[in-house]
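Read the structure below first, then the notes.
Atoms considered below: every heavy atom in the structure, side chains included; atoms not considered: hydrogens, waters and symmetry mates. Note on naming: letters A, B, ... go to the chains in the order of the sequence lines (proteins, then strands), and numbering restarts at 1 for each one.
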Protein chains: 2
Amino acid sequence: MTEIPKELSPRYTLVQAHLREGIKSGQWTVGDRLPSESELVAQFGVSRMTVNRALRELEQEGLIRRQQGAGSFVAPLERVASTLVIRDIHEEIAARGHRHEAELLQLGERRARRGEAERLGLEAGARLFHSRILHRENGLPLQLEDRLVNPACAPDYLAQDFRQQTPTAYLLQVAPLTGATYQIEAAAANAEEAQALGLSAGDPCLVIERSSRSHGGTVTWVRLVHPGARHVLTGSFEA
Amino acid sequence: MTEIPKELSPRYTLVQAHLREGIKSGQWTVGDRLPSESELVAQFGVSRMTVNRALRELEQEGLIRRQQGAGSFVAPLERVASTLVIRDIHEEIAARGHRHEAELLQLGERRARRGEAERLGLEAGARLFHSRILHRENGLPLQLEDRLVNPACAPDYLAQDFRQQTPTAYLLQVAPLTGATYQIEAAAANAEEAQALGLSAGDPCLVIERSSRSHGGTVTWVRLVHPGARHVLTGSFEA
DNA sequence: CAGTGGTCTAGACCACTAC
DNA sequence: TAGTGGTCTAGACCACTGA
């Protein structure tokens with residue numbers, strides 16, 4: 001019937017662009033009702049499925065809110081939300097075009113200390129692997145990585161050369177990630193951390209703690225300590 | 001033709017559940033090719049549009065990767081990504097069932113200092129509003145809020161009572177949010193900040209700087225300083 | 001009740017990929 | 001060239017909302 005334009009944006013994106021523009025410009029503001037699906041069908045000369053997809057995706061983005069029987073409305077953007085990405089330190093440094101070096105400070109097996117078994121979902125006093133690595137960017141200490149590993153998920157962990165491949169990369173390979181939780185805080189460097197990172201004890205650090213799961217349960221728990229002055233998390237979001 | 005089941009999950013979610021299960025269980029692992037759309041059509045007895053939607057949404061989630069002409073594959077979950085939400089401090093404290101108090105330390109109009117005009121997209125030396133508020137949770141200092149406001153976007157800013165309504169809430173009301181950028185870092189409290197927050201100078205703080213835009217441009221820039229020991233950002237993600 | 005969004009179908013044409 | 005995903009249509013039935 002109607003021709004599908006070649007080399008152009010798909011039609012549903014045209015509908016989205018129209019609504020985005022109206023919201024950005026203030027034509028529709030928070031709480032306003034947007035044109036109904038059938039109105040957009042008439043306006044753009046497309047099928048309802050196409051309009052429906054356009055609106056559904058805008059809803060997934062959080063830009064609009066849809067209510068069956070009532071209509072589509074401009075969503076209140078009360079929250080600054082964006083996807084926070086925590087990347088492998090090697091990738092992150094490489095992406096900046098810099099040199100990454102990993103210094104292995106500790107690697108071994110030991111019994112879980114108080115609280116450690118719980119983090120990995122093991123029984124108290126279970127054996128686990130432990131590693132401590134200092135990551136440098138162009139020679140400058142950037143991250144101190146303290147890691148606990150569930151031996152059941154990565155039995156060959158101790159045999160790896162972590163100067164060649166980061167624990168993160170190795171573990172992703174042997175135990176595909178299916179979930180994670182993390183926590184970000186500011187903390188003072190203790191004496192050990194300060195020495196490794198070339199700071200003074202008490203200096204502010206950005207600390208990320210993360211627990212990663214795979215099919216077989218919790219694979220690893222890691223504490224990443226960064227000099228506060230040298231590591232910043234950034235993000236943005238756009239309506 | 002085929003009946004649509006009542007009171008049950010939509011059919012596209014059944015297809016998704018099947019694929020999710022296979023990926024979680026390890027039936028398909030990173031890089032594996034998933035059944036094609038037509039195979040899933042045959043397997044589930046649904047139309048291709050339905051299967052297509054199921055797969056498209058899994059791709060948006062990042063769980064699979066699709067390539068025209070080649071197939072759908074299990075995506076490598078290399079990144080710990082999740083939606084980071086920065087909420088209004090009042091909401092955050094109220095959600096914990098605690099008492100929020102705001103102490104107005106400064107409120108006024110002045111000329112932009114060096115670097116400040118740029119953050120708001122104003123000309124050097126332009127006039128702007130400034131406020132400094134200490135937020136307490138159950139009496140304990142939790143956040144020191146230093147804010148610059150573009151007068152063009154919120155001309156009545158100085159007349160508000162910020163003990164009753166946070167600047168965040170007020171500004172969202174008068175200038176609907178259309179975008180923002182933020183930055184998270186660890187920093188040492190300076191003398192002023194330490195005094196306000198009841199810390200010692202040099203104590204680690206979690207600092208969030210955020211710039212918010214509305215239709216009319218940059219509305220406000222804010223620096224939020226939190227005692228490192230008392231504020232943690234958390235999040236999680238699931239395959 | 002009329003209008004809304006939620007879901008679904010059975011086709012279709014296209015661009016792309018791998019063999 | 002055969003098979004893949006990308007997009008689109010013109011219908012349809014349904015659940016829900018608000019007047």
Side-chain angles (χ1 to χ4, degrees), chain A residues 1-20 22-23 28 30-76, chain B residues 1-20 22-23 28 30-76:
Chain A
M1 180 72 64
T2 34
E3 313 162 9
I4 301 173
K6 295 177 184 178
E7 310 249 4
L8 279 178
S9 305
R11 298 184 165 187
Y12 69 90
T13 63
L14 302 181
V15 178
Q16 290 175 339
H18 174 252
L19 296 171
R20 269 187 231 278
I23 292 174
W28 299 297
V30 173
D32 284 0
R33 191 175 146 190
L34 298 167
S36 71
E37 292 193 352
S38 54
E39 286 169 331
L40 291 169
V41 164
Q43 184 176 345
F44 285 87
V46 299
S47 76
R48 202 186 136 215
M49 273 299 277
T50 301
V51 166
N52 183 273
R53 173 175 177 181
L55 291 169
R56 188 159 18 90
E57 291 187 356
L58 290 179
E59 184 179 35
Q60 284 174 339
E61 285 179 30
L63 192 60
I64 71 173
R65 189 173 48 80
R66 314 192 72 199
Q67 195 182 358
Q68 189 174 133
S72 300
F73 305 84
V74 179
Chain B
M1 179 75 61
T2 34
E3 313 161 8
I4 301 172
K6 295 178 182 176
E7 309 251 2
L8 280 179
S9 306
R11 298 186 164 186
Y12 69 90
T13 63
L14 301 181
V15 178
Q16 291 175 338
H18 173 251
L19 296 171
R20 269 188 232 279
I23 292 173
W28 299 296
V30 173
D32 284 0
R33 190 175 148 191
L34 297 167
S36 71
E37 292 193 351
S38 54
E39 285 169 331
L40 291 168
V41 163
Q43 184 175 344
F44 284 87
V46 298
S47 75
R48 203 187 136 215
M49 272 301 276
T50 301
V51 165
N52 182 274
R53 173 174 174 182
L55 292 168
R56 187 160 20 90
E57 290 187 356
L58 290 179
E59 184 180 36
Q60 284 175 338
E61 283 179 31
L63 192 59
I64 70 173
R65 189 174 49 79
R66 314 191 72 197
Q67 194 182 358
Q68 189 173 135
S72 300
F73 305 85
V74 178

Quiz item: For B:Phe73 and C:dT17, what is the distance between atoms CZ and P respectively, to the nearest whole Å?
Solution: 12 Å

Quiz item: For B:Tyr12 and C:dC8, is the shortest distance between a side-chain N/O and OP1 or OP2 below 4.0 Å?
Solution: no

Quiz item: Excluding sequence neighbours, so at least two apart, what forms side-chain contact (heavy atoms from CB on, under 4.5 Å) with B:Ser47?
Solution: B:Met49, B:Thr50

Quiz item: Expressed in angstrom and rounded to an integer, what is the separation of B:Arg66 atom CZ from C:dC16 atom P?
Solution: 16 Å

Quiz item: Counting side-chain heavy atoms from C-beta on, which of D:dA15, D:dT4, D:dG6 comes nearest to A:Gln68?
Solution: D:dA15

Self-check item: Euclidean distance, A:Asn52 CG relative to A:Leu40 CG, rounded to 0.5 Å
Solution: 11.0 Å

Quiz prompt | For atom CD of A:Gln60 and atom P of C:dG6, their distance in whole Å | solution = 11 Å

Quiz prompt | Rounded distance (nearest 0.5 Å) linking atom CG of B:Leu63 with atom OG of B:Ser72 | solution = 11.0 Å

Practice problem: Would you please confirm or rule out a distance under 4.0 Å between OP1 or OP2 of C:dG3 and any side-chain N or O of A:Ser36? | Solution: no

Quiz item: Nearest to the side chain of B:Thr50, which nucleotide is it out of D:dG5, C:dT4, C:dC8?
Solution: C:dC8

Quiz item: Rounded to the nearest Å, what distance is computed from the CG atom of residue B:Asn52 to the C1' atom of nucleotide C:dC13?
Solution: 14 Å

Quiz item: To the nearest angstrom, how far is A:Leu40 atom CG from D:dT9 atom P?
Solution: 13 Å

Quiz item: For the side chain of B:Gln16 and the backbone of B:Ala54, is there at least one donor-acceptor N/O pair under 3.5 Å apart?
Solution: yes

Practice problem: Would you mind reading off the distance between A:Glu57 atom CD and C:dG5 atom P, rounded to a whole angstrom? | Solution: 16 Å

Quiz item: From C:dG5, C:dT17, D:dG6, pick the nucleotide closest to the side chain of B:Glu37?
Solution: D:dG6

Practice problem: Could you tell me the separation between the CD atom of A:Gln67 and the C1' atom of D:dA15, rounded to a whole number of Å? | Solution: 12 Å

Quiz prompt | Residue whose nearest DNA chain D nucleotide is more 5′ - B:Ser38 or B:Met49 | solution = B:Ser38

Quiz item: Closest to the B:Ser72 side chain: C:dT7, D:dT9, D:dG5?
Solution: D:dG5

Practice problem: Could you tell me whether A:Arg56 contacts a base, only the sugar-phosphate backbone, or nothing, with contacts defined as non-hydrogen atoms closer than 4.0 Å? | Solution: nothing

Quiz prompt | B:Arg65 CZ - D:dG5 P separation (whole Å) | solution = 12 Å

Exercise. May I ask you to verify whether the side chain of A:Arg11 and the base of D:dG6 hold a donor-acceptor pair under 3.5 Å?
Key: no

Self-check item: Upstream residue (5' side of DNA chain D) when A:Val46 and A:Ala70 are each assigned their closest nucleotide
Solution: A:Val46

Quiz item: Atom CZ of B:Arg11 and atom CZ of B:Phe44: how far apart are they, to the nearest 0.5 Å?
Solution: 11.5 Å

Self-check item: Proximity to the side chain of B:Ser47 - top-ranked nucleotide from D:dT7, C:dA10, C:dT7
Solution: C:dA10

Quiz item: Is A:Arg53 near enough to D:dT7 that one of its side-chain N or O atoms lies under 4.0 angstrom from OP1 or OP2?
Solution: yes

Practice problem: Determine the contact category for A:Arg33: base if any of its heavy atoms lies under 4.0 Å from a base atom, sugar-phosphate if only primed atoms, P, OP1 or OP2 are that close, otherwise nothing. | Solution: sugar-phosphate

Quiz item: How long is the span from the CG atom in B:Leu34 to the CD1 atom in B:Ile23, to the nearest 0.5 Å?
Solution: 5.5 Å

Quiz prompt | Candidates D:dA12, C:dT9, D:dC8 - which lies nearest the side chain of A:Arg48 | solution = D:dA12

